[in-house]
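Structure record follows, encoded as structure tokens.
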Amino acid sequence: MNLAGIDLLAKAPPAEGDVFLGGRWLPAADGRTYPVHDPATGDLIRHVSSAGPDDARAAIDAAHSAAAGWRATPPRRRSEILHDTFALMREHTDTLARLIVLENGKAYRDAAAEVGYAAEFFRWFAEEAVRVGSSFGDAPAGGYRHVVRKHPVGVTAFVTPWNFPAAMATRKIAPALAAGCPVLLKPAPETPLTALAVAALLTEAGLPDGLLNVLPTDRAPEVVSAWLGDERVRKFSFTGSTATGKVLLEQAAANVVNVTMELGGNAPFVVCADADVDAAVRGAMDAKMRGGGEVCIAANRFYVHADVAAEFTEKFGAAMAAVRVGPGLEDGVTLGPMINQGAVDKIRSLVDDAVARGARIAAQGGTPDGPGHFHPATVLVDVPGDARILHEEVFGPVAPLTTFTDEDEMLARANATVHGLASYVYSRDVGRALRIAERLEAGMVGVNRGLLSDPAAPFGGVKQSGLGREGGREGIEAFLETQYIALDWAD
């Protein structure tokens with residue numbers, strides 16, 4: 001598979017195919033393919049091999065066969081392969097970013113930033129790989145010893161979304177490989193090419209065959225059911241919608257599979273009366289517009305204190321109206337297309353519902369003429385509490401603003417959701433900001449900061465936003481089992 005793009009961007013699958021299985025590039029077992037389109041134009045990028053249940057089972061066989069050797073591989077060697085992959089991703093930033101723009105649509109600036117972020121997971125977990133260790137101590141009652149050791153959980157299966165086709169893959173792949181686990185990956189059908197490029201780089205870095213198996217497909221239920229129905233799969237990690245996560249949790253329960261779930265969000269963005277409004281606007285643009293708003297931790301609901309509401313609305317509205325929309329590779333574009341027409345239709349329905357209930361459009365950018373799944377950056381004000389947009393994840397470049405005067409009442413509204421992934425607070429008073437942050441029901445809170453994600457920090461939510469954490473020191477723990485040995489010996 002040629003990372004430079006010759007094969008990945010061909011109009012049809014290469015002769016060897018796109019299913020990366022056991023270190024080989026293969027066609028789907030039944031020869032099936034499906035089309036991948038450019039969301040900026042609707043044009044066909046190419047046809048991609050579509051894996052089925054036979055491929056899914058073959059991938060388990062390959063991973064299971066490779067597991068023992070990888071488990072026995074010294075952590076230092078695992079670390080070196082991950083470090084080399086980090087370096088290769090950095091070296092090929094432009095190629096990877098252009099590939100992301102082509103199949104995902106996001107602006108090149110965001111795509112290049114994603115490549116850097118995605119690469120950092122390999123560097124972080126390369127360093128964590130050599131820190132996994134055991135402990136030895138005396139039993140408090142005396143007479144014997146405690147040995148506590150960590151070992152790989154086993155074959156892992158991942159399902160990743162289209163909004164961060166590189167980073168959502170590496171955030172799972174890197175800790176699994178660092179811990180000593182082989183990987184099965186099903187990328188989103190909209191964005192399979194980036195995952196295949198990551199596989200090519202890991203192979204170039206020296207990853208042994210069978211340890212990463214990538215199955216692009218447009219028949220996800222068949223592939224995932226085959227994985228979750230096999231007792232050899234011991235870990236499952238999913239990033240996607242809460243509704244789909246619930247279905248997968250039920251399937252995983254049959255074999256008591258260890259799961260990590262990063263699901264939907266409905267993040268509040270709070271601007272206090274004493275906030276630095278200019279800083280809050282900059283943070284709001286980061287939290288709302290990164291990746292075109294198609295981000296699980298994107299600011300979804302804005303709660304602005306009445307004392308600064310006019311100033312914030314004017315400045316934020318001006319920034320949103322100035323956003324340049326267009327194909328992601330065009331110079332100056334900062335907002336690309338949405339992933340597909342269904343996404344645009346959903347965003348429009350939420351805006352229309354809010355306006356029908358009394359909200360007003362305070363600011364709105366433009367969209368280019370011609371094809372493509374574009375939606376303008378939009379600011380809504382006077383949004384009533386019963387508007388759908390305050391209760392459903394927008395996943396697009398629309399910001400609904402409401403005002404508050406009472407902190408307790410604002411917190412009650414901010415927490416009135418089944419989700420609890422991310423939240424944001426702006427205040428010059430650090431004590432106030434921390435008080436609010438601690439009362440927000442969210443797994444992550446940005447205080448005077450609109451960008452949260454960091455490979456060195458634990459990422460995850462509470463309530464129906466998920467289970468477990470990815471990234472940080474916690475990230476590798478998800479792929480390790482703890483074994484306790486009570487040790488005694490004769491005198």
Side-chain angles (χ1 to χ4, degrees), residues 1-10 14 16 18-25 63 66 70 73-104 106 108-130 156 158 160 164-185 187 191-216 453-456 470-471 475-476 479:
M1 189 64 67
N2 189 333
L3 184 59
I6 296 172
D7 289 333
L8 286 174
L9 303 184
E16 65 269 27
D18 296 304
V19 176
F20 186 61
L21 200 161
R24 300 169 60 200
W25 298 97
W70 189 239
T73 299
R76 179 67 68 194
R77 178 57 186 147
R78 297 183 210 146
S79 176
E80 289 167 350
I81 291 172
L82 297 183
H83 267 300
D84 288 348
T85 307
F86 162 76
L88 285 168
M89 286 195 73
R90 294 291 294 269
E91 178 185 342
H92 292 287
T93 294
D94 181 66
T95 299
L96 291 168
R98 289 176 179 274
L99 191 58
I100 291 170
V101 172
L102 189 66
E103 61 178 354
N104 167 277
K106 67 178 62 175
Y108 179 85
R109 180 187 69 176
D110 283 345
E114 180 186 344
V115 175
Y117 173 53
E120 285 295 334
F121 284 106
F122 285 120
R123 177 155 68 171
W124 173 258
F125 285 109
E127 295 164 351
E128 287 297 292
V130 298
T156 63
F158 303 146
T160 54
F164 284 87
M168 295 302 94
T170 64
R171 192 163 75 186
K172 300 177 191 297
I173 293 169
L177 293 177
C181 301
V183 171
L184 312 172
L185 172 65
T191 56
L193 301 177
T194 304
L196 297 175
V198 171
L201 291 180
L202 275 159
T203 301
E204 186 176 343
L207 186 71
D209 294 348
L211 292 172
L212 174 61
N213 304 276
V214 182
L215 277 65
S453 302
D454 190 320
E470 296 180 310
I476 199 168
F479 300 97

>> What verdict does the side chain to side chain contact (heavy atoms under 4.5 Å, CB included) test give for Met168 and Arg171, after you've listed the backbone C-alpha separation in whole Å, the side-chain angles of each residue and the deciding distance to 0.1 Å?
In response: CA-CA 5 Å; Met168 295 302 94; Arg171 192 163 75 186; 3.4 Å; yes
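- The two residues Ala174 and Leu82 make their nearest non-hydrogen contact at O-CD1, 3.8 Å.
- Rounded to the nearest 0.5 angstrom, Asp454 CG and Trp124 CH2 are separated by 8.0 Å.
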> Can you list the steps and then say if Glu91 with Leu88 is a side chain to side chain contact (heavy atoms under 4.5 Å, CB included)?
Replying inline: CA-CA 5 Å; Glu91 178 185 342; Leu88 285 168; 3.8 Å; yes
>> As a quick check of understanding, evaluate side chain to side chain contact (heavy atoms under 4.5 Å, CB included) for Val198 and Phe122, giving each step before the final call.
In response: CA-CA 11 Å; Val198 171; Phe122 285 120; 4.3 Å; yes
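- Between Arg123 and Glu120, some side-chain heavy-atom pair lies under the 4.5 Å cut-off.
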>> Using the rule given for side chain to side chain contact (heavy atoms under 4.5 Å, CB included), can you reason through Glu114 versus Asp110, listing the C-alpha separation, both sets of side-chain angles and the distance that settles it, and then say yes or no?
In response: CA-CA 6 Å; Glu114 180 186 344; Asp110 283 345; over 6 Å; no
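- Between Val214 and Pro187, some side-chain heavy-atom pair lies under the 4.5 Å cut-off.
- Checked by atom type and distance alone, the side chain of Thr156 never pairs as donor or acceptor with a backbone atom of Leu184 at under 3.5 Å.
- Looking only at side-chain heavy atoms (C-beta outward), Phe121 and Thr85 stay at 4.5 Å or farther from each other.
- Nearest approach of Phe125 to Ile476, heavy atoms of both residues: CE2-N, 3.6 Å.
- Heavy-atom minimum distance, Met89 versus Ala118: CE-CB, 3.9 Å.
- In terms of heavy atoms, Ile81 sits closest to Gly206 at CD1-O, 3.6 Å.
- Taking both residues in full, the closest heavy atoms of Pro182 and Ala63 are given as CG-O, 3.4 Å, listed atom of the first, atom of the second, then distance.
- Using bins of under 30°, 30° to 60° and over 60° for the plane-to-plane angle, the ring pair Tyr117/Phe164 lands in the perpendicular bin.
- Note that the CG atom of Leu99 and the CG atom of Asp94 stand 11.0 Å from one another [nearest 0.5 Å].
- Remark: the backbone N or O of Thr73 is paired with a side-chain donor or acceptor of Arg78 at under 3.5 angstrom.
- Residues Ile173 and Leu202 meet the side-chain proximity criterion, which asks for heavy atoms closer than 4.5 Å.
- Asn213 places no side-chain N or O within 3.5 Å of a backbone atom of Leu185 that could act as its donor or acceptor partner.
- Among the candidates Leu201, Leu193, Val101, the single residue satisfying the side chain to side chain contact (heavy atoms under 4.5 Å, CB included) test with Leu96 is Leu201.
- Around atom CZ of Arg24, no more than 12 heavy atoms belonging to other residues, nucleotides or ligands sit under 6.0 Å away.
- Atoms CG and OG, from Leu177 and Ser79 in turn, are 12.0 Å apart once rounded to the nearest 0.5 Å.
- Considering all non-hydrogen atoms of both residues, Phe479 and Lys172 come closest at CZ-O, 4.0 Å.
- Side chains of Phe20 and Thr203 form a contact here, defined as non-hydrogen atoms less than 4.5 Å apart.
- Put simply, the side chain of Glu128 never gets that close to the backbone of Pro175: no donor and acceptor are under 3.5 Å apart.
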